[in-house]
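As the structure is a computational prediction, the values presented were derived from the model and not from experiment. Basis for what follows: all heavy atoms, side chains included, without hydrogens, waters or symmetry-related copies. Read the numbers this way: they start at 1 and go in the same order the structure lists the ligands and their atoms. Position 1 is the first residue of the sequence, and the numbers go up from there.
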Amino acid sequence: MTIEQQIQDLRNELREHNYNYYVLDNATISDYEFDIKLKTLQDLEAKYPEFFDSNSPTQRVGGAVTKNFETIKHEHRMYSLDNSYSKEDLQDWETRIKKLVDGDIQYTCELKYDGASISLTYENGVLLKAVTRGDGFQGDNVTANVKTIKSVPLKLKGDFPSKFDIRGEIVLPFDGFNKMNEERIEIGEEPYRNPRNTASGSLKLQDSAEVAKRPLECLLYNLTGLNLGINTQFESLEKARIWGFKVPEVAKLTNSIDEVLEFVEYWDTHRHDLPYETDGVVIKVNNLQQQEELGYTAKAPRWAIAYKFKAEQVSTRLNNITYQVGRTGAITPVANLEPVELAGTTVKRASLHNADQIEKLDIREGDMVYVEKGGEIIPKILGVDLEKRSIDSTPTKYLTHCPECETELVRQAGEAQHYCPNYNGCNPQIIGRIQHFISRKAMDIDGLGSETVALLVNEGLISNYSDLYELTKEQVVPLERMAEKSADNLIEGIEQSKNIPFERVLFALGIRYVGETVAKKLAKHYKTIDAIANATQEDLINVDEIGIKIAESVNAFFGSDENNEIINRLKAFGVQLEMSAEQLIGQTNILQGDIVVVTGVFESISRNELKKLIEDNGGKVSSSISSKTSYIVAGNNMGPSKKEKAEKLDIVLISEYEFLQKLK
Ligand code: AMP
Ligand code: ZN
């Protein structure tokens, strides 16, 4: 078998597994086997760049960075939908359209997915571009980001038309949304408010590798194009499914408005069992010939209408407001409600987010409040029933002192959250930090769980994460529910964590705003914990993607004597606080201080390899030319505007060969 054949086979195989998993929800291979195959393909593609294919499954991990999204005109306008709210509205609609078309009318009923609309263009079976709705006439080119969404086919199956657009909605399922929020809370960021905004925000992220990490899905519902050989909406959904798109199965063909109403009624309750958010039903005239006769108003098709679900709300009494302290000291107010049934579950608590939110809604203990529940873990309070407020009620006074340690709370200008500043003496902060330290993505300490951490702290056996390394089996065995064997495992797990690489240790330290990605960047750039500790704010900001907020937080962390002492102890215990010799191979400081722009097409090296070389040797890659640019590595076909800018700012151009010479 030739190499090319081998690469093609792997691509086809991985494509099929992706399809089974992400479109059909039916895994046919273990994650592990998938990863091995993907890695094999990646290695082959790296070794034989002549077989590069921008639609290879390897391209799904992202990597392309877009600073400004290009505006693209839609070949076919993306309309909005008229809304209806009642049986009468739907009957009126039917009366209107029956005057305009002859013959019986069938209706397709689909759910109205609540996400970000997207238009995908396919040519000869491959994804050409993905464009947001924008104003309906033109939107943003977000192709690089959409390619990372695994349920979007990069190559189609079966007998597809040579060119067409397909429209749909990019959604963030509740599960993934809740998980993302748990991770945000873990690094001390405020959680996202709702899946829809998070989905549309994701499409506009500059770094597609970040988008790849988000569990987005793309649900398709509309085919557009010329000569598609399709006669009805329902048929188009079936066809799109065959070509490999994720088209929800709930769509139903109906013969009358009464049947439409049955569909609406059914989904009004059952939508709560769906993994993503929906806000109504979309009813479409099924016959495309009839659709054409009906045409469009200034903003919406006459042949379709949305029926909006009423948001499920109940009112209940707010018994009291309590406050929780997070790992970073952030205070979250919680509404404790009189338990009430809502959307199939009993609701007892709701998040109030912060002081501003309480003030904005003027929420007071004893109020009757309106509560709504989406698929988010925590229900929302929408407002207060003022008519039911008792006359002696007084506005809520926000907490002034920490409920756990009684330290006075602080609130930084521009921040929504109050904090307990008693970093080293406040119990939930101490426990939370150690729990974060041992968590799976951090030190991944086997045999030690969150509850045991709390127990160890409360028993006075540890008070920060460096104390873990001095724990002995004898100290642990007497703990509640701790057997001989589990004590062994715990001590062994802690010992093993000394092998965890520096970048993960850095993440584990729990420096505010230093999540996994930032930790990686810092580790790669500075290589040792001492270098990070000694970096000035300006220096930190010069590192790719590190902003002022992170720089301040890093400086503050290493400005504390307690933290430095903890770090010194970790060092003494043998925890990895610098890159290992292995990780450092090929890394130098030759380009320290150089800000380099890479442009054009290269002969001996790929653009990504070139960028990696710059970063591995201490330089910084920048995407735009400015007076700060040190030099430009220019390949063939450098764009004229870049050339002009470089000349104007008097910036040196060097060839790839001159650049490689520098590193010799
Ligand atoms: P609106 O934004 O309220 O005018 O509603 C129109 C939007 O609903 C469209 O732009 C689509 O993004 C979205 N939508 C969600 N599900 C569907 C569906 N099944 N069919 C058509 N549009 C849908
Ligand atoms: Zn406190």
side-chain contact (heavy atoms from CB on, under 4.5 Å) assessment of H436 paired with F507 | CA-CA 9 Å; H436 170 74; F507 169 61; 3.5 Å; yes
Under the ring pair (Phe, Tyr, Trp, His ring centres under 6.0 Å) criterion, do Y307 and W93 qualify, and how do the steps go?
-> CA-CA 11 Å; Y307 184 100; W93 175 64; over 10 Å; no
Derivation of the salt bridge (Lys or Arg N to Asp or Glu O under 4.0 Å) call for R241 and E238 = CA-CA 5 Å; R241 216 172 269 139; E238 285 174 330; 5.4 Å; no
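Heavy atoms of R167 found under 4.0 angstrom from ligand 1: none, in either backbone or side chain. Within the 4.0 Å heavy-atom criterion, the part of Y221 lying near ligand 1 is the side chain and not the backbone. Here K112 has heavy atoms under 4.0 Å from ligand 1 in both its backbone and its side chain. Of all the heavy atoms of L111, the ones lying under 4.0 Å from any atom of ligand 1 belong exclusively to the backbone.
Judged as a side chain to side chain donor-acceptor pair (under 3.5 Å), the pairs with a partner in residues 156-170 (not counting sequence neighbours) are, in order, E16-K157, E75-K163, S119-R167, T121-D165, E169-Y221.
Using 4.0 Å as the threshold, D82 has no heavy atom nearer than that to any atom of ligand 1. Judged by the shortest distance from any of its heavy atoms, K284 lies inside the 4.0 Å radius around the atoms of ligand 1. Residue contacts with ligand 1 include L81, since one or more of its heavy atoms lies under 4.0 Å from the ligand.
Atom 4 (O) of ligand 1 has its closest protein heavy atom at S80 CB, 2.9 Å. Counting only heavy atoms of the protein, atom 12 (O) of ligand 1 lies nearest to E169 OE1, 2.6 Å. For atom 16 (N) of ligand 1, the nearest non-hydrogen atom of the protein is Y113 N, 3.1 Å.
N320 and T322 share no side-chain donor-acceptor pair at under 3.5 Å.
Here the angle at the Zn ion (ligand 2) defined by SG in C420 and SG in C405 stands at 100°, rounded to 10 degrees.
Using a 4.5 Å heavy-atom threshold, the side chains of L111 and P248 count as separate. In this structure, I166 and L223 have side chains that are in contact, with non-hydrogen atoms separated by less than 4.5 Å.
Close approach to R133 involves these atoms of ligand 1, each under 4.0 Å from a residue heavy atom: 2 (O), 6 (C), 7 (C), 9 (C), 10 (O).
The pair K246-E217 meets the salt-bridge criterion, since a charged nitrogen lies less than 4.0 angstrom from a carboxylate oxygen.
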